[in-house]
S.K.: 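Please read through the structure below; I'll follow up with questions.
To find a chain, count down the sequence lines: A is the first, B the second, and so on, and within it residues start at 1.
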There are 2 protein chains.
Amino acid sequence: MDQQKRATISDVAKLAGVSITTVSRVMNKNYPVKEATRKKVEKAIEELEFKPNLLARGLIHNKTQTICILTPSIENLFFSEVVKGIDSVIKNKGYTTFLCNTEGDPEQEKLMIDNMKDRSVDGIIAINPRTKNIKSGYYEGISKQIPLVIINGYNRGIHCNYVLNDGEVGTYEALKYLYELGHRDIVFLRGRYSYSYDVKEDIYRKCCEEFKLEFDEDNILIIEDGNGLEAVEQSKAVVEKIIRKNDKVSCLFACNDWMAVGALKAAKALNISVPEEFSIIGFDNTIISQITEPSLTTVDQNMTGLGQISGNRICEIIRDSDKENKKIIIETRLIHRDSVSTKI
Amino acid sequence: MDQQKRATISDVAKLAGVSITTVSRVMNKNYPVKEATRKKVEKAIEELEFKPNLLARGLIHNKTQTICILTPSIENLFFSEVVKGIDSVIKNKGYTTFLCNTEGDPEQEKLMIDNMKDRSVDGIIAINPRTKNIKSGYYEGISKQIPLVIINGYNRGIHCNYVLNDGEVGTYEALKYLYELGHRDIVFLRGRYSYSYDVKEDIYRKCCEEFKLEFDEDNILIIEDGNGLEAVEQSKAVVEKIIRKNDKVSCLFACNDWMAVGALKAAKALNISVPEEFSIIGFDNTIISQITEPSLTTVDQNMTGLGQISGNRICEIIRDSDKENKKIIIETRLIHRDSVSTKI
DNA sequence: TTGTAAGCGTTATCAA
DNA sequence: TTGATAACGCTTACAA
């Protein structure tokens, strides 16, 4: 490594024959500098290819133009869309992103946030943070120390800035749709740990009451792993089991598209045709919902929009050190594709 | 924001009644400190919840325990697997990752690298960087200034550290497999801009010679967008066209799984059954290859491994400021699933 | 075993 | 319009 040492501000000052203060002023254009001096300095800057060291700046201002994105899983297709949305707005404002993959572990989540504080990030966006850390008040504490936006982890009584999908409405619409098509035995499939699953299950239970469906606790299926291939496998297993056991069930609502894929595979394995004999609705409208055969009817979360709004929100909070916490809710929308039969 | 000001080393020193040097020594355990003093200091650290400011450290050492991952597209499923691999090794060594999404734009790529240098990152891993910047020698220059690993962007004569799949062997094996099954008219489907496509096309042409296939330039299909849903759509269109036009073609080799999905959809649209009437091989072994129906026979790149090796390599380079450039090649492996018929 | 002081590369304050 | 100089929070000679 030839590591030609980078020029510093004093190298420039020396070459231009001025003080470092003047060089700083030329760079930042925050104080008047005589035209001739400015020229000299600019020439020296160019010649030495000088670029200011951002660490030094950060040390003074205690601002680093850096935002941390925390996620339980980068394989989650939800994640990449959201990150793309965030990135698209914050990069224009000069921010760079630290990416932290917590692997869904609440303790790692905390450690990584500590690390981010040590690095003086300007703000944190936490995607689907662990319920445990939200409920314990951990995030509420963090939110008092550093600008924070939580995506999809809303908890009543925990005061933070949230941006979230209207999972309740999305779930309700999907279930109502199934009900109106004539379905009476609806299977509900969720992962174990996430607030968003709790919300959906809650709506499911309420729908059963509202629609006067015969409620069967066994129709609530829980898998351990929420995202990725494991979720597909696990979902396939539990769905096969329920279909074998209860031949009345005619459709299924899955809390995300992975699970819906698993359900699709279960039906296929049992030689049950989707949607003719069994209907499936997913959640998220990730790319996989367009790739499956049949393609998945699913609830769109507008994930890019979710990211954009979160990006804007974190910038607002940083700029105004906005005292008011806000809860911004994004609308969802049922996307009709081919995994639900419209005639029953 | 209550922004309770963080304790600094001198707060600790004051509280413990020692000098900041001593505090530093207690933290870093790099010089002897009397047991009693150590206790006092540790107590003060705990009491004030002191954690050192990493910017300040970075400024001194010109090391930040930070690695930049540069990618043209975070939606690319290839990406998330690789990042997961990288992350899994470097996080254990105390590194945190900056994520830079260049959106495939060569100019942004350069700007982002500049930004990363300004932030004193310890190393850069560039996933599928733009051919243009490699060929122009830009990366070779960067590589002399800062530890750099390029994933899948090998160019002969450009001296850098590379980690790459053996796209040549993978392609060859896939094509040979098709040939041995009796296929004589093989369609080749690629994206326009990437060195990896060039390599594969090259092998395709050589295979045509070696297997004495009747070469038809029209059997080489090119789409503009390599990744994501657009690739699926575009592939579907061109594949439909070729099948309509040339009824001799019995199989297709796609340069990645997205394209293979497009081919699958084309066959479906034409009511041609896969694999009975038409065989398809993808490349990458991304999760989607297990989700499609039928599941995709594809070439596994061991993307997680690719990431892990890159992560280890960048750490080596950082540690030893290793002068020797290396080119590490990962083996590929044909994964047999259900999109290729074994009886023909 | 401990402390003083210089230094990392900037910006900000003050005086000239 | 400019320049010393202190500061940001830490590490590290060097001295004691």
S.K.: B/Ile60 has an atom CD1; how far is it from atom P of C/dC8, in whole Å?
M.R.: 10 Å

S.K.: What are the residues of residues 8-27 of chain B, sorted by number, that bring a heavy atom to within less than 4.0 Å of DNA chain D?
M.R.: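 Of all residues in residues 8-27 of chain B, the ones placing a heavy atom under 4.0 Å from DNA chain D are B/Thr8, B/Ile9, B/Ile20, B/Thr21, B/Ser24, B/Met27.
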
S.K.: Distance check needed: C/dT2 C1' versus B/Tyr31 OH, whole Å only.
M.R.: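 Checked: the OH to C1' distance equals 13 Å.
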
S.K.: Is the OH atom of B/Tyr138 crowded by more than 12 outside heavy atoms at less than 6.0 Å?
M.R.: yes

S.K.: Could you state the interatomic distance from CG (A/Asp87) to NZ (A/Lys91), rounded to the nearest 0.5 Å?
M.R.: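 Spacing of CG (A/Asp87) from NZ (A/Lys91) equals 4.5 Å.
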
S.K.: For B/Lys39 and C/dT1, what is the distance between atoms NZ and C1' respectively, to the nearest whole Å?
M.R.: 17 Å

S.K.: Verify the distance criterion only: is there a donor paired with an acceptor across the side chains of B/Arg130 and B/Thr102 at less than 3.5 Å?
M.R.: no

S.K.: Is there a donor-acceptor contact under 3.5 Å linking the side chains of B/Arg119 and B/Thr66?
M.R.: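 Checked: B/Arg119/B/Thr66 side chains show no N/O donor-acceptor pair below 3.5 Å.
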
S.K.: Of all nucleotides in DNA chain D that come within under 4.0 Å of a heavy atom of chain A, which is furthest toward the 5' end and which toward the 3' end?
M.R.: D/dT1 to D/dG9

S.K.: Do B/Asn53 and B/Arg6 get their side chains close enough for a donor-acceptor pair, meaning under 3.5 Å?
M.R.: no

S.K.: Rounded off to whole Å, could you give me the CG-to-P distance for the A/Asn28 and C/dT13 pair?
M.R.: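 A/Asn28 atom CG is separated from C/dT13 atom P by 13 Å.
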
S.K.: Would you confirm whether B/Lys117, through its side chain, and A/Lys51, through its main-chain N or O, come within 3.5 Å as a donor-acceptor pair?
M.R.: no

S.K.: Residues two or more places apart in sequence or in another chain: which of them pass salt bridge (charged side-chain N to carboxylate O under 4.0 Å, His left out) with B/Lys39?
M.R.: B/Glu35

S.K.: Taking the side chain from A/Thr97 and the backbone from B/Leu99, do they hold a donor-acceptor pair closer than 3.5 Å?
M.R.: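 Side chain of A/Thr97 to backbone of B/Leu99, a donor-acceptor pair under 3.5 Å: yes, one is there.
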
S.K.: Contact class for B/Asn62 (heavy atom, under 4.0 Å): base, sugar-phosphate, or nothing?
M.R.: nothing

S.K.: Under the side chain to side chain donor-acceptor pair (under 3.5 Å) rule, collect the residues that match up with A/Glu81, sequence neighbours excluded.
M.R.: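 Per chain and number, A/Glu81 pairs via side chain to side chain donor-acceptor pair (under 3.5 Å) with A/Thr304.
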
S.K.: Using a 6.0 Å cut-off, check whether atom NZ of B/Lys34 has over 12 heavy atoms from anything other than its own residue.
M.R.: no

S.K.: Tell me every residue that passes side chain to side chain donor-acceptor pair (under 3.5 Å) with A/Arg38, counting only those two or more places apart in sequence or in another chain.
M.R.: none

S.K.: For DNA chain D, what residues of residues 50-58 of chain B have any heavy atom nearer than 4.0 Å?
M.R.: B/Phe50, B/Lys51, B/Pro52, B/Asn53, B/Ala56, B/Arg57

